[in-house]
Amino acid sequence: MKLSKIFHVLGAIAGWVGIIALLSAWSAGENSTVFGFTQTPLFVDAIILVLIAIWMQLSTTHHMKLEEKGEII
């Protein structure tokens, strides 16, 4: 399996989990919990996961360009 496909799948998973964490944080409100987490950690997790998803998609683009040139990493 190509490295770009692995990065794409991992980035998509991280993005969806980040969206779920963001929606959970919004639904948690000020003083309640969702999945045992309060609002602040869920917002932090959502931010980190979305940043990881963006980074993985940039890695996908980079590795696709390398695969086009025939440079296998």
Once you round to the nearest 0.5 Å, how far does CZ of Phe43 lie from OG1 of Thr38?
-> 10.5 Å
Residues forming a side-chain contact (heavy atoms from CB on, under 4.5 Å) with Val34, sequence neighbours excluded | Ser24, Ser27, Ala28, Leu42
For the hydrophobic clusters of this structure (ILVMFWY residues joined by side-chain heavy atoms under 4.5 Å, transitively), does one cluster hold both Val9 and Val17?
-> yes
Side chain to side chain donor-acceptor pair (under 3.5 Å) with Ser4: which of His63, Glu67, His62?
-> Glu67
Could you grab the distance from atom CG of Asp45 to atom CD1 of Ile52, nearest 0.5 Å is fine?
-> 9.5 Å
Would you call Trp55 and Leu51 a side-chain contact if the rule is heavy atoms closer than 4.5 Å?
-> no
What are the two closest non-hydrogen atoms of Ala53 and Gly11, and how far apart are they?
-> CB-O, 3.4 Å
Would Ile13 and Leu22 show up in the same hydrophobic cluster when neighbours are defined by side-chain heavy atoms closer than 4.5 Å?
-> no
Are Leu10 and Leu3 co-members of a hydrophobic cluster defined by side-chain heavy atoms under 4.5 Å apart?
-> yes
Value rounded to 0.5 Å, distance of NZ in Lys2 from CG in Leu66 | 12.0 Å
Verify the cluster assignment for Trp26 and Trp16: are they in a single hydrophobic cluster under the rule of side-chain heavy atoms below 4.5 Å apart?
-> yes
For the atom pair CE (Met56) and CD1 (Ile6), what is the distance rounded to the nearest 0.5 Å?
-> 9.0 Å
Group every Ile, Leu, Val, Met, Phe, Trp and Tyr by side-chain heavy-atom contacts under 4.5 Å, then state whether Leu49 and Val44 land in the same group.
-> no
Shortest non-hydrogen pair, Ala46 vs Gly18, comes out as CB-O, 3.6 Å
Is there a side-chain contact between Gln57 and Thr60 (heavy atoms, below 4.5 Å)?
-> yes
